[in-house]
Amino acid sequence: RDSLFDDHTVSETRIMLAMLGLTWVMEGLLLYYAIPLSVPALAPGLQQSVFLHVLLFTGLAALFHVLQLLFYRLLGWVFADPVDTGLWTSGFNASQACLGVMLLPVVIVTLVAPEQANSTLFCAVILYFLARIVFILKGFRIFFNNFSSTVYFLLYLCSAEVVPPLSFYTGTVLACNMI
């Protein structure tokens, strides 16, 4: 609901962008460690140009975030009113910004002790899913109006929460093959 204190200042927007940037960098670094574990044949190529690959993964994480945000705005435009859509997309940004802060210690441990990458990547996946669950619960209000809307909510889960991350990871591995 609107309030006297709901004005978003320029510094708040900058802080949100900085926190989202942190998330993208953390995800890029984690992808750098995750891809050689899932596709060992790519490890030598990744190690030849570390900065280029981390930069690529960070850019892909940012692109994935922007595409998801646009998709959520489209879903909100179709299924909700502008106020609920704005709250939903700001909730998405907030959950992703918090994810970056939660991933920071995981990435630090991964960088300091790369031999622990299996464990830290498992922790990162759990944190990612926790952030997504928080966001899904926020989206539950939009898609679940009554029992008959269960099908719509399941379609939302498949089309917006399951397929895109899997497609993103597959696309990232393909991008590694091209470089």
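The analysis underlying the following values was restricted to heavy atoms, covering all of them including side chains, and did not include hydrogens, waters or symmetry mates. Just so you know, these numbers come straight off a predicted model, no measurement behind them.
Other members of the cluster containing Val109 do not exist, because no ILVMFWY side chain is joined to it at under 4.5 Å. Other residues sharing a hydrophobic cluster with Leu67 under the 4.5 Å side-chain heavy-atom criterion for ILVMFWY residues are Leu63.
Taking CG of Leu22 as the start and CG of Leu17 as the end, the distance is 12.5 Å to the nearest 0.5 Å. Remark: Thr58 OG1 to Leu31 CG distance equals 8.5 Å, nearest 0.5 Å. Atom OG of Ser95 sits about 9.5 Å away from atom CD1 of Ile136, to the nearest 0.5 Å. How far CG of Leu121 is from CD1 of Ile126: 11.5 Å, rounded to the nearest 0.5 Å. With values rounded to the nearest 0.5 angstrom, Leu111 atom CG is found 8.5 Å from Leu30 atom CG. Taking CZ of Phe64 as the reference point, atom CZ of Phe168 lies at 6.5 Å (rounded to 0.5 Å).
Every residue was checked against the side chain to side chain donor-acceptor pair (under 3.5 Å) condition with Ser167, not counting sequence neighbours, and none meets it. For Ala94, the side chain to side chain contact (heavy atoms under 4.5 Å, CB included) test picks out no residue, with sequence neighbours left out. Residues satisfying the side chain to side chain donor-acceptor pair (under 3.5 Å) test with Ser38, not counting sequence neighbours, are Tyr169.
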Can you list, pair by pair, the side-chain donor-acceptor contacts under 3.5 Å of residues 42-55, counting residues two or more places apart and other chains?
{"from": "Ser49", "atom 1": "OG", "to": "His53", "atom 2": "ND1", "distance (Å)": "3.1"}
{"from": "His53", "atom 1": "ND1", "to": "Ser49", "atom 2": "O", "distance (Å)": "2.8"}

Donor-acceptor pairs under 3.5 Å, side chain of residues 98-107 to any protein atom, not counting sequence neighbours: which ones?
none

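Between Leu87 and Ser90 the shortest heavy-atom distance is O-OG, 3.0 Å.
Under the 4.5 Å side-chain heavy-atom criterion for Ile, Leu, Val, Met, Phe, Trp and Tyr, Phe57 and Ile108 are members of the same hydrophobic cluster. Hydrophobic clustering of Ile, Leu, Val, Met, Phe, Trp and Tyr side chains at less than 4.5 Å, counting indirect connections, keeps Leu20 apart from Leu69. Both Leu60 and Leu37 are assigned to one and the same hydrophobic cluster, defined by single-linkage of ILVMFWY side chains at heavy-atom distances under 4.5 Å. Transitive grouping of hydrophobic side chains (ILVMFWY, heavy atoms separated by less than 4.5 Å) keeps Leu174 and Tyr32 in distinct clusters. Hydrophobic clustering places Val25 together with Val125 (ILVMFWY residues linked when any side-chain heavy atoms are closer than 4.5 Å, directly or through intermediates).
Within a 6.0 Å sphere centred on CZ of Arg132, other residues, nucleotides and ligands contribute more than 12 heavy atoms.
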**Request:** Assess whether side-chain contact (heavy atoms from CB on, under 4.5 Å) is satisfied between Asp84 and Asp81, documenting all intermediate values.
**Result:** CA-CA 6 Å; Asp84 284 341; Asp81 61 3; 3.0 Å; yes
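Sequence neighbours left out, not one pair with a member in residues 96-121 passes ring pair (Phe, Tyr, Trp, His ring centres under 6.0 Å). Applying the ring pair (Phe, Tyr, Trp, His ring centres under 6.0 Å) rule to pairs touching residues 89-135 yields His65-Phe92, Tyr72-Phe92, Tyr72-Phe135, Trp88-Phe135, Phe92-Phe135, sequence neighbours excluded. Residue pairs satisfying the side-chain hydrogen bond (donor to acceptor under 3.5 Å, both in side chains) criterion with at least one member in residues 96-121, sequence neighbours excluded, are listed as follows: Thr110-Thr120. The salt bridge (charged side-chain N to carboxylate O under 4.0 Å, His left out) contacts involving residues 40-61 comprise nothing, where partners must be two or more places apart or lie in separate chains.
Looking only at side-chain heavy atoms (C-beta outward), Leu137 and Ile133 come within less than 4.5 Å of each other.
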